[in-house]
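Reviewing the structure listed below.
Since the structure is predicted, the reported quantities are computational estimates derived from the model, not experimental observations.
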Amino acid sequence: MPKNAPMVIHLYGEDNEVVKSFTRSFVPWKMLKKAVRLSQDVDFDQLKAEDVDQIAGLVVEVFGDQFTLEDLDNGADVSEMLVVIQNIVARANAIQLNPTPPAG
């Protein structure tokens, strides 16, 4: 995914049709701490149920509470959710790895 490509969440209905779509072009600064903590605390190779809830909660917050955890549970696609969370964590890690040099 290109650096500033919008993240997208689709919510699907019973017939696998897209009911609603949400986009977010950036990760709000206030989410950095949560995203960094999540990237450190969660083993993405061996997810636990509480990890999934934590991930979903972060996605809801990053998208500005435009949908609920229940909406994600009932209508979000697993692969799309994983792309979004990987993008959030990558953006947070990029900030950590490439800080702006001090003016000088």
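Here the side chains of Val27 and Leu32 are not in contact, with every heavy-atom distance at 4.5 Å or above. Within the 4.5 Å cutoff, side-chain heavy atoms of Lys34 are placed close to those of Glu61. Within the 4.5 Å cutoff, the side chain of Leu72 has heavy atoms near those of the Leu11 side chain. Under the 4.5 Å side-chain criterion, counting only non-hydrogen atoms from C-beta, Asp77 is not in contact with His10. In this structure, Met7 and Thr23 have side chains that are not in contact, with every pair of non-hydrogen atoms separated by 4.5 Å or more. In this structure, the side chains of Glu80 and Val8 stay at 4.5 Å or more apart for every pair of heavy atoms. When side chains are defined from C-beta on, Thr68 does not count as touching Val60, because their heavy atoms never get closer than 4.5 Å. Between Leu47 and Ile55, some side-chain heavy-atom pair lies under the 4.5 Å cut-off.
Taking the ring axis of Phe22 as reference, the NZ or CZ atom of Arg24 does not stay both within 45° of it and closer than 6.0 Å to the ring centre.
Asp51 CG to Asp43 CG: the interatomic distance, rounded to the nearest 0.5 Å, is 8.0 Å. Here CD1 of Ile88 is found 4.5 Å from CD1 of Ile85. Values are rounded to the nearest 0.5 Å. Taking CD from Gln66 and CD1 from Ile9, the interatomic distance works out to 10.5 Å, rounded to the nearest 0.5 Å.
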Could you walk me through whether Phe63 and Val84 pass the side-chain contact (heavy atoms from CB on, under 4.5 Å) test, one step at a time? CA-CA 10 Å; Phe63 277 78; Val84 167; 3.7 Å; yes

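Cluster annotation: Leu69 is connected to Phe67 through the hydrophobic network of ILVMFWY side chains, with a link wherever side-chain heavy atoms come within less than 4.5 Å. Met81 and Val62 end up in the same hydrophobic cluster when Ile, Leu, Val, Met, Phe, Trp and Tyr side chains are linked at under 4.5 Å.
Atom CG of Asn16 has 12 or fewer neighbouring heavy atoms from other residues, nucleotides or ligands inside a 6.0 Å radius. Crowding of Glu70 atom CD: a count of heavy atoms from other residues, nucleotides or ligands under 6.0 Å not exceeding 12. Heavy-atom contacts from other residues, nucleotides or ligands closer than 6.0 Å to CD of Glu17 number more than 12.
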